[in-house]
Amino acid sequence: MDVTAIIESLNAAQREAVCADEHDQLVLAGAGSGKTRVLVHRIAWLLATAGHSPHDLLAVTFTNKAAREMRLRLEALLGLNLRSMWVGTFHSLSHRLLRTHWKDAQLPQHFQILDSDDQLRVIKRLMKDLGVDDDRFPPKQAQWFINGQKDEGRRAAHVLARGEFERGMAEIYAAYEERCQQQGLVDFAELLLRALELLRDTPLLLQHYQNRFKHILVDEFQDTNTLQYAWLRLLRGPNSCLMAVGDDDQSIYGWRGAKIENIQRFTEDFSGAKTVRLEQNYRSTGTILDAANALISHNTGRLGKELWTDGASGEPISVYAAFNEQDEARFIVDLIQQHVQDGGLRRECAILYRSNAQSRTLEETLLRQQVPYRIYGGQRFYERLEIKNALAYLRLMVNRDDAPAFERVINTPTRGIGTTTLEKLRARARDEGQSLWQAAIEMISGGLLKGRAATSVQAFIQLIERLDEQSLPLPLHEQVELVLNDTQLMDFHAQEKGEKGQARVENLKELITAVRQYDPALPVTMSDDGEINLEGRAALEHFLAEATLDAGDTQAEEDQDAVQMMTLHTAKGLEFPLVFIAGVEEGLFPHQMSIEEGADRLEEERRLCYVGITRAMKKLYLTHAESRRIYGRDNLCRPSRFISELPENLLQEVRLRASISRPVSARPQVRHQGMAQSQAEEVGLRVGQQVSHPKFGAGIILHAEGDGPKTRLLINFDEVGEKWLVLGFAPLTPLD
DNA sequence: GTGGGGAGTTTTTTT
DNA sequence: AACTCCCCAC
């Protein structure tokens, strides 16, 4: 590797961070300032110049995607295989520690990971058993409470409960803690907390890892929560360095426990730390950066940072005031079509929005205009019902005591084991302190179940035992295939009516493919006396953990050139030449809930807007609607305060030009600003509707006043401009 | 065990 | 408006 060439390609600030001496560092990396590049090059520098081995380094990210990308870029840059280097998410690294040191962590060897869905089920079950009133203590809130406490590093015994509600919650937490321990279940927050406690309470282990990791590098540091920060501080040994890379202005996850304070106090906690600011932006035009800088300057308590570019200032930011969300969608889609007509690609365009509900209107319009699009977000592959059913069978094969898995498939597909039987099993398990599996076996052999129930439960037990035995010597994907067929899960979902069943079967097939391609990267632990079996089960266990920790993409990657649609949160870290931010209205963005929650939340919304703006490379559009249907009701909306926080000289109000619009088939219904519904419905008109007039040509309805046939319409005609016409007299034809 | 009907909910998302 | 959850009837 030519280190000199790499270093020369960096700017001064980047170079300072990459080639820094071995001390703690805080790298404040503005949007588009080459953050990942610095991280990757720093590691390369440590390996090539400072003489470290990959074994000495630990790189932590938040998402699996980011971890994969980092490893990939490093391997490409160095031309090395970096399997010995720890690169992963807080959760995957914690998981690794716990699997390796399960005894010291006081966990059963085959502990299972609970995803949030399973966690909620466990909590609901538990509350039923405890007889807790779920009106006063909603299970979702209990889950929120428990995770929140764990994220703060607090065990049930340490909860500071004030008031009846919190005391109740704390009791649920304590019972939940006990049940998870008993069943060998570990939720997401528990992975981190347990790993932290493992290191804290096992000095030799801590020393070992502190000595090993000479350098710890963290990405997206502004998103760390209390627990993650404690984890980092513990793992950084007396002779190690921590490099935290992040951007306080892009901290947008406070609502789920991220502590922006962590980045703000970093240099106090690590007193020798140097701060490097990366402010030169390689992504956006000067105009876009000026707007971003101006917006974020309205926040308080910033560490301070100003983005700049030596590139062109580019086009102004366009602001469009739509009549309603349909008009907004049409405006956006029109411009995208124009972009494509001018030779651009659809994938260069991104539509960003605050909440998922906004995607529907946009989708409908794209669909109608036959513009291919891709939506990010939504249900992920390993979270789908049919996939979770399949995984539950596999989990039972690995660990018979896994109660959530047992409950999920005991009667899926239906095999005549109803609530009554299940309740008996639960009662027995509870009274004897057994797992459901044990309870089932003992009740069968003790003759405590009668008739059909006994037969069915026995058959279920035998099924699992047989599958376990038969699948053991098989390759992983054949194990899964066997399970899908012999449990009749495939048939069960195949006979579900409608497209749903079809899709589920497809997904199950997809699961087999995914397993076939799965490379567990296992250290080969096969013993001489041919215990291939052990190896086969270990592979399955790895696969199951990975499926839970990385729930997969929302949808299979499509090669088609498509418009990119996602929430502002999802867009963080991405960039697009052409960006639309839709629904920039008070109440929606900033969201009403954030406005009500106070200044901190509002500042977070502003950071979210900052994130959105800085996604744009060349051209940015902000759109807002005067009227928007939310929860089935029309609301009048004011433009967002964020728009007025942008310097006016950077903005350009988009004049309505109906001529750029193509006709769309909005359902002919009018319920807007007093326009008479019945009258208008007859002719199929509504505000925002495009119409044609024999004399004035094509135009678009801007306003409606009055009632019945006397309704006055303000129409902006392409050729002759704005005109007031009376509905009853004007020969208007809707353009659909 | 399924399906219909009524009531209640409704930001943002990863692990 | 659209979705989930829960209860009740078949």
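Chain A is the first sequence line, chain B the second, and so forth, proteins listed ahead of strands; every chain is numbered from 1.
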* **Per-nucleotide protein contact string for nucleotides 5-15 of chain B (B base, S sugar-phosphate only, - none; heavy atom under 4.0 Å)** => -----BBBBBB

Taking side chain to side chain contact (heavy atoms under 4.5 Å, CB included) as the test, write out the residues that go with [X], two or more places apart.
X	result
A:Asn507	A:Phe381, A:Arg384, A:Glu386, A:Ile387
A:Ser359	A:Tyr353, A:Glu363, A:Ile375, A:Met565
A:Gln488	A:Pro413, A:Asp491
A:His298	A:Arg606, A:Glu645

* To do: Determine, using ring centers only, whether A:Phe111 and A:Trp102 are less than 6.0 Å apart.
  =>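 So the answer is no for these two rings.
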
* Determine the contact category for A:Asn411: base if any of its heavy atoms lies under 4.0 Å from a base atom, sugar-phosphate if only primed atoms, P, OP1 or OP2 are that close, otherwise nothing. =>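 Touches sugar-phosphate only.
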
* Quick one: which residue pairs count as a side-chain hydrogen bond (donor to acceptor under 3.5 Å, both in side chains) with a foot in residues 134-147 of chain A, not counting sequence neighbours? =>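 Found A:Gln119-A:Gln143, A:Gln119-A:Asn147, A:Arg136-A:Glu164.
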
* Go through the structure and list residues passing salt bridge (charged side-chain N to carboxylate O under 4.0 Å, His left out) with A:Arg256, not counting sequence neighbours. =>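 In terms of salt bridge (charged side-chain N to carboxylate O under 4.0 Å, His left out), with neighbours along the sequence ignored, A:Arg256 is linked to no residue.
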
Please tabulate, for side-chain N and O atoms in residues 120-128 of chain A, each donor-acceptor pair with protein atoms closer than 3.5 Å (sequence neighbours left out).
from     : atom 1 : to       : atom 2 : distance (Å)
A:Arg121 : NE     : A:Asp117 : OD2    : 3.4
A:Arg125 : NH2    : A:Asp129 : OD1    : 3.3

Any protein N or O atoms within reach of nucleotides 2-7 of chain C? Criterion: under 3.5 Å, listing atom names and distances.
none

